[in-house]
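To keep things clear, I will list the structure first and then write my remarks on it.
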Protein chains: 2
Amino acid sequence: MTKLKDIAARLGLSPATVSRALNGFPEVNEQTRQRVQAVARAMNYRPNQIAQKLVSGRSGMIGMILRSPVDVATDPSFFEVMAGLSSRLADYDMDLVFHASNAEDEVAPYRRLVAKATLDGFILNAPTVEDQRIQFLTAAGVPFVVHGRAGLGVPDYPFFDIDNAALARQSVALLHDLGHRRIAFLNGPANYAYAAQRLSGFQSALAARGLVTPTRFIRHDRLAEDYGQRAAATMLTDTAAPTAFLCASTLIAAGVLRAARKAGLSVPGDLSVIAHDDAIPQFRAVNFEPALTVTRAPIRDACGPLTDKMVRLLDGAQSSDLQTMVTADLIVRQSTGPVPVGQQGGWNETSVVAD
Amino acid sequence: MTKLKDIAARLGLSPATVSRALNGFPEVNEQTRQRVQAVARAMNYRPNQIAQKLVSGRSGMIGMILRSPVDVATDPSFFEVMAGLSSRLADYDMDLVFHASNAEDEVAPYRRLVAKATLDGFILNAPTVEDQRIQFLTAAGVPFVVHGRAGLGVPDYPFFDIDNAALARQSVALLHDLGHRRIAFLNGPANYAYAAQRLSGFQSALAARGLVTPTRFIRHDRLAEDYGQRAAATMLTDTAAPTAFLCASTLIAAGVLRAARKAGLSVPGDLSVIAHDDAIPQFRAVNFEPALTVTRAPIRDACGPLTDKMVRLLDGAQSSDLQTMVTADLIVRQSTGPVPVGQQGGWNETSVVAD
DNA sequence: TTGTAAGCGTTATCAT
DNA sequence: ATGATAACGCTTACAA
């Protein structure tokens with residue numbers, strides 16, 4: 001391993017000058033800089049990050065912790081996000097450190113890693129409504145950035161999120177404009193913040209239009225195909241069955257389409273289906289039969305912003321300057337259409353009570 | 001952050017003594033050690049890993065690189081393994097650094113990270129028959145440990161693997177003893193070493209018993225349910241259909257069971273199914289209907305050994321002392337039974353040629 | 001514009 | 001049994 005001293009010796013310079021030349025300090029002679037850079041390249045010099053870290057006080061390592069059984073099952077995007085983050089961090093010569101927590105205590109690994117003080121910060125995924133990790137890290141004064149956000153309002157930490165409430169509202173608006181009055185909602189697990197946010201948007205959009213959806217037509221579960229199928233199958237047997245389904249993911253929508261097919265219902269003739277699409281490569285909504293109408297916000301778009309926020313946070317930026325909320329695109333395809341004739345009636349308060 | 005100097009000052013000792021006391025050097029007075037440890041705990045002292053690393057020349061970081069689209073689809077165990085490894089490494093105060101490579105050049109991230117010289121070594125997953133990464137790291141002289149192994153023989157690097165050839169032989173033996181003569185093999189992707197090894201074991205076991213399986217009954221594809229279903233459905237229409245299926249994973253077996261059901265065949269009455277079971281929580285072979293006969297080797301059992309090997313390798317152990325091959329357990333359940341009467345005939349060479 | 005020297009927090013080599 | 005002191009490879013005042 002060539003070090004600063006070696007290349008200094010080779011050029012008859014001091015290590016300090018070499019360091020300055022390599023790090024773009026303005027005062028060094030342009031000639032010397034050229035020579036230094038040339039020799040550095042020739043000797044295949046790489047700064048020793050450990051040494052750099054010792055003096056800078058930073059480790060250049062960002063932690064990301066998987067909630068072990070939970071995330072794998074509920075968050076198919078986890079991988080995608082990790083891959084994106086690691087490559088973005090690499091642009092800053094930073095690394096992503098991976099750990100896993102078990103169900104018993106999701107905060108434990110944070111406690112351990114914070115105590116070791118080896119990491120510069122954490123990136124959190126899939127926050128829950130009252131996220132323990134956020135509370136711990138806030139109290140500990142450790143820098144972190146959240147992919148998503150807890151609660152319904154604007155929190156006081158850096159985050160990147162899509163406007164989940166708006167996305168539900170957009171979907172309801174589209175369906176309502178098509179004449180639908182009985183809209184079911186197959187949401188994600190209730191403890192996740194995004195699900196709470198979407199539910200809130202869904203409810204407020206309904207209320208604004210004088211609609212109502214009985215609680216038996218609002219479900220919370222893992223983003224899986226069989227959930228979609230089973231829930232839809234059940235709901236479609238109802239005497240006042242939904243004419244439209246809003247799905248938390250394309251996977252769930254796939255299940256709904258399957259249930260519709262089995263029930264002999266055509267989409268969008270008899271039934272409209274809309275979903276939120278995280279644009280995960282495995283499940284391309286365009287390829288659905290029929291092509292799926294979606295709200296779309298590619299999850300990989302979050303990686304760049306999250307990384308930038310992390311870096312800026314470590315450089316001392318204010319949390320309030322590191323908050324981004326993007327709105328999802330509404331892409332109308334073939335799975336949504338006008339409400340079938342004779343199905344224009346809505347649910348009413350009594351059916352809510354009756355539930 | 002309390003440092004060595006602080007606690008030394010507090011006790012009127014030198015940092016050196018404190019370091020020795022904390023690191024269990026035999027020469028320090030037992031009294032002093034007690035005092036030092038007490039104060040260290042009281043002051044909540046944590047050694048600065050960066051500083052330790054600078055002097056030791058080690059980073060304490062092990063790299064693991066995901067082959068981006070490929071691994072996610074083909075290797076559902078990747079997560080499980082990463083989680084296991086990270087927690088085992090934590091026992092040694094080491095961390096797992098995650099990166100992702102894209103399809104274009106799977107070696108690129110290794111090149112980059114090796115150049116940075118930040119990591120102590122790499123753990124490789126799912127080696128292919130002629131693994132580029134192994135070739136590169138070997139040439140570069142960088143420590144690595146492989147989960148699995150390339151090729152059919154014993155390589156010259158540290159690895160932990162199951163005996164894939166033996167596993168295929170065990171399965172064939174069981175089926176053959178039950179009278180089966182027409183055994184199909186739904187293997188994993190052909191480029192993976194484990195698939196090549198299993199194929200080799202499969203072929204040799206057949207040969208040893210004077211059996212033959214035409215190539216159209218040996219398939220290679222992703223470990224997915226629909227692969228199992230489609231392949232089985234096709235094969236079962238053959239005039240000399242297989243009486244038994246050997247599947248590379250429980251997922252594939254699930255597909256085969258589905259195909260059998262659709263074809264009106266009972267398992268194990270009309271058809272026997274055996275699979276290899278990596279014991280991934282999502283797909284519990286016991287819960288299959290009927291419960292699946294499997295060769296079983298929990299993938300998480302590899303994490304401890306892999307970590308130990310890595311640590312010992314870094315401590316200078318010989319590669320040849322760091323090679324483990326375990327045999328899978330054969331667990332006979334309800335999906336295998338005697339060959340149906342009238343189906344005892346085997347395939348012959350001509351049907352191979354005819355293929 | 002460049003060099004000298006101190007320091008980041010440890011561990012290891014000498015002394016004592 | 002303990003203490004000085006010198007590393008580890010780099011950055012950064014401060015001097016020149």
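First the proteins, then the strands, lettered A, B, ... as listed; each starts at 1. Just so you know, these numbers come straight off a predicted model, no measurement behind them. Just so you know, these numbers use all the heavy atoms, side chains as well, and skip hydrogens, waters and symmetry mates.
Note on A:S19: every side-chain N or O is 4.0 Å or more away from OP1 and OP2 of D:dC10. Taking only side-chain nitrogens and oxygens, B:S56 never comes nearer than 4.0 Å to OP1 or OP2 of C:dT11. For A:Y45 and D:dG9, the shortest distance from a side-chain N or O to OP1 or OP2 is not below 4.0 Å.
Without hydrogens or angle criteria, A:Q323 side chain to A:P155 main chain gives a donor-acceptor distance under 3.5 Å. A donor-acceptor distance shorter than 3.5 angstrom exists from the side chain of A:R67 to the backbone of A:A126, with no hydrogens or angles considered. Checking side-chain atoms of B:D278 against main-chain N and O of B:I299 turns up no donor-acceptor pair under 3.5 Å. Without hydrogens or angle criteria, B:E80 side chain to B:A279 main chain gives no donor-acceptor distance under 3.5 Å. Judged by distance alone, with hydrogens and angles left aside, the side-chain atoms of A:N23 form no donor-acceptor pair with the main-chain N or O of A:R20 at under 3.5 Å.
Fit an axis to the five pairs at each end of the helix from C:dT1-D:dA16 to C:dT16-D:dA1 and the two axes sit 50° apart, to the nearest 10 degrees.
The side chain of B:R20 lies closest to C:dC14, out of C:dC14, C:dT1, C:dC8. Each of D:dT2, C:dG9, C:dC8 was ranked by its minimum atom distance to the side chain of B:A51; first place goes to C:dG9. Relative to the side chain of B:A16, the nucleotides D:dC14, D:dA4, D:dG9 differ in distance, and D:dA4 lies closest. Of the listed nucleotides (C:dT1, C:dT11, D:dT11), C:dT11 has the atom at the smallest distance from the side chain of B:N23. Comparing C:dC8, D:dA1, C:dT2 by their closest approach to the side chain of B:K5 singles out C:dC8. Here the nucleotide nearest the side chain of B:S14, chosen from C:dT2, D:dA4, C:dG9, is D:dA4.
As judged by a 4.0 angstrom heavy-atom cut-off over every strand, A:Q52 is placed among residues touching the sugar-phosphate backbone only.
A donor and an acceptor atom, one from each side chain of B:T118 and A:Q49, are located under 3.5 Å apart.
Nearest-nucleotide assignment on DNA chain D puts the 5′-proximal partner with B:T17, out of B:T17 and B:V55. Along DNA chain C, the nucleotide closest to A:P15 and the one closest to B:R46 are compared, and the more 5′ of them pairs with A:P15.
The interatomic distance linking A:L4 (CG) with D:dG9 (P) rounds to 11 Å, in whole Å.
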